[in-house]
Asks: 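Have a look at this one.
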Amino acid sequence: MYTKKIYFSGGNFNELKKIFVNLPGVLNVNFGTICAENVSSYAYPEPRDIENVFGVEVEFNPKKNDISTLMDEFFFIVSPYAENNSGVFYGKGEDAPQVELHMNFIANRGKESVGSDAEITINDPNSNPKRARKCHAVFGRLKSFKKYAE
């Protein structure tokens, strides 16, 4: 059977395991440390490396579940707007566009449109910095995952 893996950080192992263990198509959830390179976030767009962040490896059947659904489940529990080392990391380059697109969706979800004096709506919710939320969750390519025994 063909499987895929995606990696998440931003909570303790038991919380992260509960998010994924009963989802359709999820085969294994392993705890370990994540190292990633050239990760970025919408709050801090300058790429940086991440070393030894605790997280989980989720192995799943892509015919029964997908990366976007797993990310939705993750960000339902772990806030991407808090500075808590939350992140999504992919191992294969083919997953990069889907992760980046979904992170863009997460970063801009729920932002209100801004009206102008000319009674037109401007679709730039970031024009008022007080209303803008910063998505602190990072995303990028996995460098290594060191699995721990449970």
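All residue numbers refer to positions in the sequence shown, counting from 1. Heavy atoms only: backbone and side chains are in, while hydrogens, waters and symmetry mates are out. Computed from a predicted structure; not experimentally measured.
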Asks: Would you give the length of the straight line joining atom CD of E37 to atom NZ of K143, rounded to the nearest 0.5 angstrom?
Replies: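 One gets 5.5 Å once the value is rounded to the nearest 0.5 Å.
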Asks: Show every donor-acceptor pair shorter than 3.5 Å between a side-chain atom in residues 39-59 and any protein atom, with sequence neighbours excluded, or say none if there are none.
Replies:
{"unit_1": "S41", "atom_1": "OG", "unit_2": "A43", "atom_2": "N", "d": "3.4"}
{"unit_1": "S41", "atom_1": "OG", "unit_2": "Y44", "atom_2": "N", "d": "3.1"}
{"unit_1": "D49", "atom_1": "OD1", "unit_2": "N38", "atom_2": "N", "d": "3.0"}
{"unit_1": "E57", "atom_1": "OE1", "unit_2": "N30", "atom_2": "ND2", "d": "2.8"}
{"unit_1": "E57", "atom_1": "OE2", "unit_2": "Y7", "atom_2": "OH", "d": "3.1"}
{"unit_1": "E59", "atom_1": "OE1", "unit_2": "N28", "atom_2": "ND2", "d": "2.8"}
{"unit_1": "E59", "atom_1": "OE2", "unit_2": "T3", "atom_2": "OG1", "d": "3.0"}

Asks: Go through the steps for M71 and Q98 under the test side chain to side chain contact (heavy atoms under 4.5 Å, CB included), then give the verdict.
Replies: CA-CA 10 Å; M71 289 175 68; Q98 190 173 6; over 6 Å; no
Asks: Hey, what do you get for CG (L101) to CZ (F139), rounding to the nearest 0.5 Å?
Replies: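 It is 10.5 Å, given to the nearest 0.5 Å.
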Asks: How far does CG of L70 sit from CZ of F60, to the nearest 0.5 angstrom?
Replies: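 One gets 5.5 Å once the value is rounded to the nearest 0.5 Å.
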Asks: Can you tell me how far the CD1 atom of I34 sits from the CG atom of N85, to the nearest 0.5 Å?
Replies: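 CG of N85 is found 10.5 Å from CD1 of I34.
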Asks: Is there a side-chain contact between I19 and L16 (heavy atoms, below 4.5 Å)?
Replies: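 A side-chain contact exists here, since the closest heavy-atom pair is under 4.5 Å.
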Asks: Would F20 and F8 count as a close aromatic pair, with their ring centres under 6.0 Å?
Replies: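 Yes, the ring of F20 comes within the 6.0 Å limit of the ring of F8, centre to centre.
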Asks: Using a side-chain heavy atom cutoff under 4.5 Å and only I, L, V, M, F, W and Y, what cluster partners does M1 have?
Replies: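 In the cluster with M1 are L27.
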Asks: Of all the heavy-atom pairs spanning F145 and F31, show the shortest one and how long it is.
Replies: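 Closest pair (atom of F145, atom of F31, distance): CZ-C, 3.7 Å.
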Asks: Could you grab the distance from atom NE2 of H136 to atom OG of S86, nearest 0.5 Å is fine?
Replies: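 Rounded to the nearest 0.5 Å, the NE2-OG separation comes out at 9.0 Å.
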Asks: Quick one: side chains of residues 87-96, donor-acceptor pairs under 3.5 Å with protein atoms, not counting sequence neighbours, listed by atom name and distance.
Replies:
{"unit_1": "E94", "atom_1": "OE2", "unit_2": "Y2", "atom_2": "OH", "d": "3.4"}
{"unit_1": "E94", "atom_1": "OE2", "unit_2": "K4", "atom_2": "NZ", "d": "2.9"}
{"unit_1": "D95", "atom_1": "OD1", "unit_2": "K4", "atom_2": "NZ", "d": "2.6"}

Asks: Count I, L, V, M, F, W, Y as connected when their side-chain heavy atoms are under 4.5 Å apart, and connections chain through other members. Are I6 and L142 then in the same cluster?
Replies: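 Cluster IDs for I6 and L142 differ.
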Asks: Please report the interatomic distance CD(E73) to CG(L23), rounded to the nearest 0.5 Å.
Replies: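 One gets 5.0 Å once the value is rounded to the nearest 0.5 Å.
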Asks: Using every non-hydrogen atom in the two residues, find where S9 and F74 come nearest and quote the distance to one decimal.
Replies: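 Distance-wise, the nearest heavy atoms are O-CZ, 3.0 Å.
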